[in-house]
J.: 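The structure that follows is given in the form of structure tokens.
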Amino acid sequence: METIGIFYGSTYGMTEKSAEKIKKAFGNAKVDLYNLKDATVVDIAKYNNLVFGTSAWGIGEMQDDWEMTIDHLTEIDFTGRKVALFGLGDQKEYPESFVDGLGTLYCRLPDKSCVVGSWPVEGYEYYFSLADKDGTFLGLVLDDHNQADLSDKRISDWVKQLKKEFI
Ligand SMILES: Cc1cc2nc3c(=O)[nH]c(=O)nc-3n(C[C@H](O)[C@H](O)[C@H](O)COP(=O)(O)O)c2cc1C
């Protein structure tokens, strides 16, 4: 498998912690981890296998560092690349906008045909989520506020899936 670049935006470190676990779950594969606040679009362009992570804020908002970066993604030709998304949220406090950051990140990607790593909605409780597309999440969904005990298994199952979907 080609080298994987993981890029995450994280305000209080929860998405960062998950990104580190995702890296570890890839085992022997070569994985580079970037906090988006220290990365540029040139860094993102180095990888054919990409993982993007964000938490959810406000009304459908991504984590702030994505807001600064997302429009620059048009500078990258995504042909032949694979992009997997993961999002963190809190289904108890924000059941009407659960992991919306993940949904917004997907919506604003310049090329959606390269997105892999969809994830079942079963096992979560919410009224509405921008990340739920026709009954499937657009990427891995983690809720370390209410379901922290499920996160490790979710990450390991998702990474197994990505190992098949990545280049
Ligand atoms: C002001 C505020 C707004 C939030 N809005 C949402 C939201 O709309 N949907 C959601 O699922 N989680 C929401 N959250 C929860 C965060 O996404 C969650 O705490 C996440 O784990 C933070 O990750 P981070 O520390 O990596 O940024 C919100 C949290 C705060 C403090």
Side-chain angles (χ1 to χ4, degrees), residues 4-23 25 33-41 43-44 47 49-74 76 78 81-148 150-152 154-155 157-159 161-162 165:
I4 298 147
I6 303 180
F7 294 81
Y8 63 87
S10 184
T11 301
Y12 293 121
M14 298 183 79
T15 309
E16 179 169 49
K17 204 177 95 201
S18 304
E20 282 162 1
K21 286 184 178 179
I22 289 168
K23 175 179 173 166
L33 192 61
Y34 294 83
N35 188 327
L36 211 53
K37 73 177 166 59
D38 305 318
T40 66
V41 77
D43 296 314
I44 297 175
Y47 302 92
N49 289 325
L50 286 157
V51 177
F52 292 162
T54 182
S55 42
W57 297 90
I59 300 164
E61 285 173 32
M62 301 173 290
Q63 198 273 342
D64 281 353
D65 298 315
W66 274 112
E67 203 50 64
M68 312 291 282
T69 309
I70 196 85
D71 289 336
H72 292 285
L73 293 183
T74 51
I76 300 175
F78 278 93
R81 299 182 202 247
K82 300 286 178 192
V83 179
L85 309 176
F86 73 98
L88 271 79
D90 180 339
Q91 62 201 289
K92 233 177 199 164
E93 282 295 320
Y94 303 96
E96 69 297 319
S97 58
F98 180 45
V99 283
D100 272 7
L102 168 58
T104 299
L105 180 55
Y106 175 85
C107 281
R108 292 182 63 185
L109 286 179
D111 182 353
K112 293 163 185 61
S113 66
C114 54
V115 174
V116 296
S118 63
W119 186 251
V121 294
E122 283 75 31
Y124 306 83
E125 264 184 59
Y126 57 93
Y127 301 121
F128 179 81
S129 173
L130 286 176
D132 175 340
K133 190 165 185 271
D134 306 327
T136 306
F137 282 131
L138 295 160
L140 174 66
V141 168
L142 300 169
D143 179 350
D144 280 347
H145 293 277
N146 307 294
Q147 297 181 325
L150 301 180
S151 292
D152 286 358
R154 284 172 172 166
I155 287 171
D157 288 351
W158 189 60
V159 166
Q161 183 184 324
L162 293 189
E165 293 178 306

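Values below: every heavy atom of this structure, side chains too, minus hydrogens, waters and symmetry copies. Not measured: the values here are computed from a predicted model.
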J.: For D111, check side chain to side chain donor-acceptor pair (under 3.5 Å) against everything at least two apart and list the hits.
T.: S113
J.: According to side chain to side chain contact (heavy atoms under 4.5 Å, CB included), who are the partners of K82, at least two apart in sequence or on a separate chain?
T.: N49, V116, F166, I167
J.: Spell out, as yes or no, whether a donor-acceptor pair under 3.5 Å connects the side chain of R81 to the backbone of Y47.
T.: yes
J.: Is there a side-chain contact between L73 and L109 (heavy atoms, below 4.5 Å)?
T.: yes
J.: Residues two or more places apart in sequence or in another chain: which of them pass ring-ring contact (aromatic ring centres under 6.0 Å, His included) with F52?
T.: W66
J.: If you measure only the distance, is there a donor-acceptor pair under 3.5 Å linking the side chains of T11 and Q63?
T.: yes
J.: Suppose we screen for ring-ring contact (aromatic ring centres under 6.0 Å, His included). Which residues come up paired with F86, at least two apart in sequence or across chains?
T.: none
J.: Looking only at heavy atoms, which two atoms of C107 and K112 are closest? And how far apart?
T.: O-NZ, 2.9 Å
J.: Is there a side-chain contact between T54 and T15 in this structure, where contact means two heavy atoms from C-beta onward sitting under 4.5 Å apart?
T.: no
J.: Taking the six-membered ring for Trp, are F137 and Y126 ring centroids under 6.0 Å apart?
T.: yes
J.: List in chain and number order the residues that pass side chain to side chain contact (heavy atoms under 4.5 Å, CB included) with P95, two or more places apart in sequence or in another chain; answer none if no residue qualifies.
T.: Y127
J.: Name all residues meeting the ring-ring contact (aromatic ring centres under 6.0 Å, His included) criterion together with Y106; count only those two or more places apart in sequence or in a different chain, and write none if there are none.
T.: none
J.: Would you say F78 and P110 make side-chain contact, with heavy atoms under 4.5 Å?
T.: yes
J.: Within this structure, what is the CG-CE distance for the pair L36 and M68, rounded to the nearest 0.5 Å?
T.: 10.0 Å
J.: Check whether any side-chain heavy atom of T69 sits under 4.5 Å from a side-chain heavy atom of I44, and report yes or no.
T.: yes
J.: Are the side chain of D90 and the backbone of E93 linked by a donor-acceptor contact shorter than 3.5 Å?
T.: yes
J.: How about NZ on K17, more than 12 heavy atoms from neighbouring residues, nucleotides or ligands closer than 6.0 Å, or not?
T.: no
J.: How long is the straight-line distance from CG of L150 back to CG of D157, given to the nearest 0.5 Å?
T.: 11.0 Å
J.: Quick check: do T136 and P120 have side-chain heavy atoms less than 4.5 Å from each other?
T.: no
J.: Please identify each residue that fulfils side chain to side chain donor-acceptor pair (under 3.5 Å) with D43, with sequence neighbours left out.
T.: T40, K46
J.: Using only heavy-atom distances, determine whether the side chains of N146 and D143 contain a donor-acceptor pair under 3.5 Å.
T.: yes
J.: What pairs meet the salt bridge (Lys or Arg N to Asp or Glu O under 4.0 Å) rule with one or both residues in residues 122-141, with sequence neighbours excluded?
T.: none
J.: Does any pair with a residue in residues 98-110 pass salt bridge (Lys or Arg N to Asp or Glu O under 4.0 Å), and if so which ones, sequence neighbours excluded?
T.: E67-R108, D71-R108
J.: Rounded at 0.5 Å granularity, tell me how far CD1 in I59 sits from CD in E96.
T.: 9.5 Å
J.: Suppose we screen for side chain to side chain contact (heavy atoms under 4.5 Å, CB included). Which residues come up paired with Q161, at least two apart in sequence or across chains?
T.: W119, W158, E165
J.: Drop me the distance from L140's CG to S151's OG, to the nearest 0.5 angstrom.
T.: 8.0 Å
J.: Side chain to side chain donor-acceptor pair (under 3.5 Å) with S10: which residues, sequence neighbours excluded?
T.: none
J.: Looking at residues at least two apart in the chain, or sitting in another chain, which of them share a side chain to side chain donor-acceptor pair (under 3.5 Å) with S129?
T.: none
